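Note that the coordinates shown come from a computational prediction; the quantities given were computed from them, not determined experimentally.
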Amino acid sequence: MSESQLWGAVDDYFTSRLSPDDEVLEAALRDSEAAGLPAIAVTAPQGKLLQLLAEIQGARTILEIGTLGGYSTIWLARALPEDGRLVSLEYSAKHAEVAVRNIARAGLDRLVDVRVGPALESLPKLADENPAPFDLVFIDADKANNPHYVEWALKLTRAGSLIIVDNVVRQGRVADADSTSPDVVGTRAAIELIAEHPRLTGTAVQTVGGKGYDGFALARVL
């Protein structure tokens, strides 16, 4: 068994014991695949982690940047109270259409507002609405703009809010200071921002699993 196969087997075991079969989530993945969406959604253990973090945070309001097919959105929205709110920003109208269907089938459409368009255009419009500060922000969109998303997350949160940035390791490429890849450059800039900003304290965690070698950053707003 190769290293990657072993990671996948362990992921499968954890999923079977800690995130048992869930037809709503499985249907969301099937429909996303059938619609031709890229297979880049979080894994089940990662989705369960997002839900647990939102629950531990006591989140009532969540901002998600990058909806894809709504798989992570469902995990996050399940952590919200009946009067909670999740705003999810998605660049692709096609992806958003699939996500809206998946979220409705999960019975969560009353809590979730999917907005279509480039996030850096949607975020100022959202700010203009003067929403209540978000308790949790999950950033999982184009990595080149990660530092901009973190900056916007700071504007839309409060002291005690949690910011999560996904895919910060990318097979270890984040350690390459000479990389010119926009994804790596953007991710390193986001990490530097978390490290240096006076209103943030954070860390990053490396992960292995069904999606390979990657990781995420966690930052708390001070």
The criterion is salt bridge (charged side-chain N to carboxylate O under 4.0 Å, His left out); which residues satisfy it with [X], sequence neighbours excluded?
X      : result
Arg170 : Asp214
Glu3   : none
Glu55  : none
Glu23  : Arg30

For [X], which residues count as a side chain to side chain contact (heavy atoms under 4.5 Å, CB included) partner, sequence neighbours excluded?
X      : result
Ala190 : Asn146, Pro147, Val150
Val10  : Leu6, Phe14
Leu49  : Leu53, Phe216

Leu123-Val116 co-clustered via ILVMFWY side chain contacts under 4.5 Å: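 Leu123 does not cluster with Val116.
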Assigning hydrophobic clusters by single linkage (Ile, Leu, Val, Met, Phe, Trp, Tyr; side-chain heavy-atom cutoff under 4.5 Å), is Leu193 placed with Val169?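 In one cluster with Leu193: Val169, yes.
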Any side chain to side chain donor-acceptor pair (under 3.5 Å) pairs touching [range], not counting sequence neighbours?
range            : result
residues 132-143 : Thr61-Asp135, Asp135-Arg158, Asp140-Lys143, Asp142-Asn145, Asp142-Tyr149, Lys143-Asn167
residues 197-206 : Gln206-Tyr213
residues 5-20    : Ser2-Gln5

Taking Gly36's backbone N and O only, do any of them form a donor-acceptor pair with Lys94's side chain (distance below 3.5 Å, no angle check)?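 No; judged by distance alone, with no hydrogens or angles, the pair does not exist.
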For Ile62 against Ala59, the heavy-atom pair lying closest together: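 Of all heavy-atom pairs spanning Ile62 and Ala59, the closest is CG1-CB, 4.0 Å.
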If you look at every heavy atom in Ile163 and Ala153, which pair is closest and at what distance?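 Nearest pair, atom of Ile163 first, then Ala153: CD1-CB, 3.7 Å.
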List, by chain and then residue number, the residues other than Leu68 in its hydrophobic cluster (Ile/Leu/Val/Met/Phe/Trp/Tyr, side-chain heavy atoms under 4.5 Å); write none if there are no others.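 Hydrophobic cluster check, Leu68: joined to Leu37, Ile40, Val98.
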Ignoring hydrogens and angles, write down the donor-acceptor pairs under 3.5 Å from the side chains of residues 78-89, residues two or more places apart or on other chains.
residue, atom, partner, partner atom, Å
Arg78, NH1, Asp22, OD2, 2.6
Arg78, NH2, Asp22, OD1, 3.3
Arg78, NH2, Asp22, OD2, 3.1
Glu82, OE1, Arg110, NH2, 3.2
Glu82, OE2, Arg110, NH2, 3.3
Asp83, OD1, Arg60, NH2, 2.6
Asp83, OD2, Arg60, NH2, 2.4
Ser88, OG, Glu64, OE1, 2.6
Ser88, OG, Thr67, OG1, 2.6

